[in-house]
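For reference, the structure is listed below as structure tokens.
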Amino acid sequence: MSHCPPLEISVISPCASDPDRIRARVDLPVNLADLLPYLNAELPGAIYDARRPSLTVTREFRLITVYPDHIMIDRALNTTDAYQVMDWLRDRVNDVHSRRDEITPLHDRRPRPSPVALYRLLPRTNCGDCGLPTCIAFAASLSAGAVSQFDCPFLDHAARSAVANLLSPRA
Amino acid sequence: MSHYPVYLDNAATSRPKPAAVYERMDQFMREVGVSTGRGAYRLAHRADALVYRTRSLAARLLGVSRPERVIFTPGVTFSLNMVIRGLVGPGDRVVTTGVEHNAVWRPLVRSGATVQQVMPGPDGVVPADAMIAEITDDTKLVAMTHASNVTGAIQPVKEAARRCGDLGIPLVIDAAQTGGCLPVDGLEHCLLALAGHKGLLGPPGIGVLYIPPGLDLEPLVVGGTGEESRSDAAPATLPERYEAGTLNVPGIVGLGAGIDYILTRTVADIRRHEQRLIARALDGLLLPGVSLFGPCDPARQTGVLSFSITGLMPGDVSTRLDEDYGIMTRSGLHCSPCCHRTIGTIDRGTVRIGVGPFTTDQDIDRLVEAVSSLAPPGGRS
């Protein structure tokens with residue numbers, strides 16, 4: 001049985017960090033507060049804040065924050081892209097919900113890799129193409145979950161995988 | 001005998017539609033009725049959600065994983081023009097078949113490309129090895145129908161797709177006659193052009209074009225896209241790049257309802273149903289004075305069958321079938337003079353029947369009885 005039914009965007013606005021992208025808010029018909037620790041355990045690179053509560057994940061270059069009663073999708077290309085992200089997230093939510101008896105929830109914020117460790121994997125040219133002035137700034141944002149490895153156009157597949165491994169809970 | 005109307009022209013447009021098609025289009029117009037992508041209000045978001053739903057349903061039907069690459073168009077003719085105008089120019093080499101609809105043939109002629117037609121055998125099917133042999137590394141595009149709209153003959157698209165995949169050549173498949181009634185999955189690296197109002201059971205005025213990843217077309221139409229409005233050029237992101245202007249949202253909603261029906265009933269079941277009907281028609285129309293065209297094999301054709309009656313012009317046959325028997329068929333060249341040349345009927349055309357998911361055995365029996373009456377050595381009074 002589906003825990004989360006098909007969703008609809010409630011609000012669309014320009015993305016604050018990139019005016020050519022959009023930010024979408026999706027109001028939820030179900031409360032996900034209890035499920036967040038389970039999603040935290042299962043979604044690679046998730047950042048869980050138990051006080052709010054909220055869970056932030058990246059999907060390539062998009063930033064997704066899940067609150068108990070709504071979802072914010074930042075940096076989506078367009079409406080279609082936002083809906084595809086919603087479909088992906090909804091599938092993950094329903095999957096985790098169906099298997100929650102088998103999952104050990106993670107109630108703590110996962111330790112983030114140090115910006116220095118991430119910086120060593122970057123090109124270190126300070127080209128600025130990612131929108132940030134230096135590679136160390138990008139590394140700090142990567143550690144904080146504000147950007148993803150896909151935001152650096154000069155990372156090859158091997159480097160992206162290495163970054164993903166550092167960010168992943170299974171690393 | 002009761003003369004309830006019998007509709008056998010589903011190859012032109014499907015009729016009736018599933019009830020949900022009418023209901024959801026009406027519901028959309030009454031309860032939503034706004035444009036997509038151009039408003040910050042909830043009804044606009046509702047319209048966006050409905051469009052996305054159809055887009056993802058179409059992706060599921062086509063067996064592709066990228067809904068944003070499923071483009072809505074005004075129809076399959078528009079889809080095919082988008083591809084041919086977007087990829088081909090004077091001097092380019094294009095390979096196609098000898099049984100194409102004018103929706104493929106005319107844009108190819110207009111493009112100024114050098115067009116190589118591969119002819120079918122007597123059964124209306126283009127031999128796979130002949131098709132493959134013509135596709136060489138100097139080919140710019142291969143354009144072919146999945147099945148003829150005149151004879152129903154199913155063409156070797158999978159073999160062509162494999163060959164094109166090996167050489168990195170784009171293949172556009174005209175799936176107007178096969179969407180919804182023959183599997184079109186397994187072709188996710190091909191361009192797929194479909195009509196929304198035939199086998200997909202949606203309304204007229206809507207079509208689909210699937211553009212595989214890694215392929216970019218020069219947009220046929222540019223204009224307002226609702227998003228990325230600041231730039232003077234068409235956006236690079238899909239689907240907006242190819243969907244300038246106001247979308248036909250009620251048409252898209254209707255198409256979604258049609259695809260919903262197909263996915264629930266399954267393409268396999270629809271295919272079995274239509275094969276059975278064609279077998280029944282083939283059996284019944286084996287009459288003196290009646291000529292049948294194409295494979296005459298339910299396994300090798302869609303729910304389309306062309307025939308003629310000695311001594312009668314096809315147009316007159318269709319008129320008599322309609323006026324005297326209440327049976328609707330389509331006669332003439334069916335916008336495919338290419339195909340009619342291959343079966344020797346370019347001067348007269350044929351009478352064509354097209355069955356659909358709601359055609360019954362009784363409909364076929366009525367047709368057989370009517371044709372028996374019209375065919376020489378003379379009908380019953």
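So that the names make sense, note that chain A is the first sequence line, chain B the second, and so on, each numbered from 1. The structure displayed is predicted, hence computed values, not measured ones.
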When the 4.5 angstrom heavy-atom criterion is applied to A:D87 and chain B, the contacting part is side chain
Are A:S54 and A:L36 close enough that some pair of their side-chain heavy atoms sits under 4.5 Å apart?
no
Contact part of B:R46 toward chain A, heavy-atom cut-off under 4.5 Å: side chain, backbone, both or neither?
both
Heavy atoms from other residues, nucleotides or ligands near CZ of A:R160 exceed 12 (cutoff 6.0 Å):
yes
Residues passing the salt bridge (Lys or Arg N to Asp or Glu O under 4.0 Å) test with B:D216, sequence neighbours excluded, are B:R241
A:R21: what forms a salt bridge (Lys or Arg N to Asp or Glu O under 4.0 Å) with it, not counting sequence neighbours?
A:D18
Of the backbone (N, CA, C, O) and the side chain (C-beta and beyond), which part of B:L50 lies under 4.5 Å from a heavy atom of chain A, both, or neither?
neither
